[in-house]
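First up is the structure itself, then whatever we jot down about it.
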Amino acid sequence: MYQKYKNAELVKPSGLELKDRLVGVQRVTKVTKGGRAFGFSAIVVVGDENGVVGHGLGKSKEVSEAIAKAVEDAKKNLVRIPLTDGTIPHEQKGKFGGARVLVIPAAKGTGVIAGGAIRAVLESVGVHDVLSKNQGSSNPHNVVKATFDALLQLRSPEQVASQRGVSLSKVFNG
């Protein structure tokens, strides 16, 4: 799922204290010759609030069953996100479908300035201070995936230094 990201590190859920956040539940309808068949679709974000996060989609005839399936799916897609002092290392844009997301690191004490689906993802990651902007589509599925796109492109200062083949002090003093 995350093959296009060089620094995406998949994480095993064993031993992690994961908390799930429900982003949205939709009632979906399938029209058959016998009438309408109703079902539910749920999107959930799980994370340990310490840099590990995943998202999942579940569908079922019952709401609780759809949520349970979404949580199981999210646990299969956990990734580690680099964090620095309760915020993200640098500004980053993410895109998925018609949704575009911009996340910007913020000073300590700013809080999570984000709405809806972006807030659920950032709080699950464990970010405490960040600014964000959602542009384009507000579809929660696409916004969650666009936020993941932005987060998976983040690189820690250590990763930048090793990729450039220089010391960590040179990355900051340039």
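When a residue number appears, it is its place in the shown sequence, counting from 1.
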Any side-chain heavy atom of [X] sitting closer than 4.5 Å to one from [Y]?
X	Y	result
Gln26	Pro140	yes
Val101	Ile118	yes
Glu72	Lys75	yes
Val45	Val53	yes
Asn77	Phe148	no
His141	Ser41	yes
Lys30	Thr32	yes
Val144	Val23	yes

State the [atom1]-[atom2] distance between [X] and [Y], to the nearest 0.5 angstrom.
X	Y	atom1	atom2	value
Leu122	Leu83	CG	CG	10.0 Å
Lys59	Asp73	NZ	CG	11.0 Å
Glu49	Ser124	CD	OG	6.5 Å
Lys95	Asp149	NZ	CG	9.0 Å
Gln92	Thr147	CD	OG1	12.0 Å
Glu91	Leu131	CD	CG	9.5 Å

Counting N and O atoms only, with roles assigned by atom type, does the side chain of Asp129 sit under 3.5 Å from a partner on the main chain of Thr110, one being a donor and the other an acceptor?
yes
Test item: His55 side-chain N/O and Ile43 main-chain N/O as donor-acceptor pair under 3.5 Å
no
I need the minimum non-hydrogen distance between [X] and [Y], along with the two atoms involved.
X	Y	value
Ile81	Leu152	CD1-CD2, 4.1 Å
Ala114	Arg119	O-NE, 3.0 Å
Val143	Ser137	CG2-O, 3.5 Å
Arg100	Asn134	O-OD1, 3.4 Å
Asp48	Leu18	N-CD2, 3.8 Å
Ala99	Ala146	O-CB, 3.8 Å

Should [X] and [Y] be counted in the same cluster of Ile, Leu, Val, Met, Phe, Trp and Tyr side chains packed under 4.5 Å apart?
X	Y	value
Ile104	Val125	no
Val112	Ile88	yes
Val121	Phe96	no
Leu57	Val28	no

Take Glu62 and Phe40 through the test side chain to side chain contact (heavy atoms under 4.5 Å, CB included) and record every step on the way to the result.
CA-CA 6 Å; Glu62 300 293 325; Phe40 294 92; 5.8 Å; no
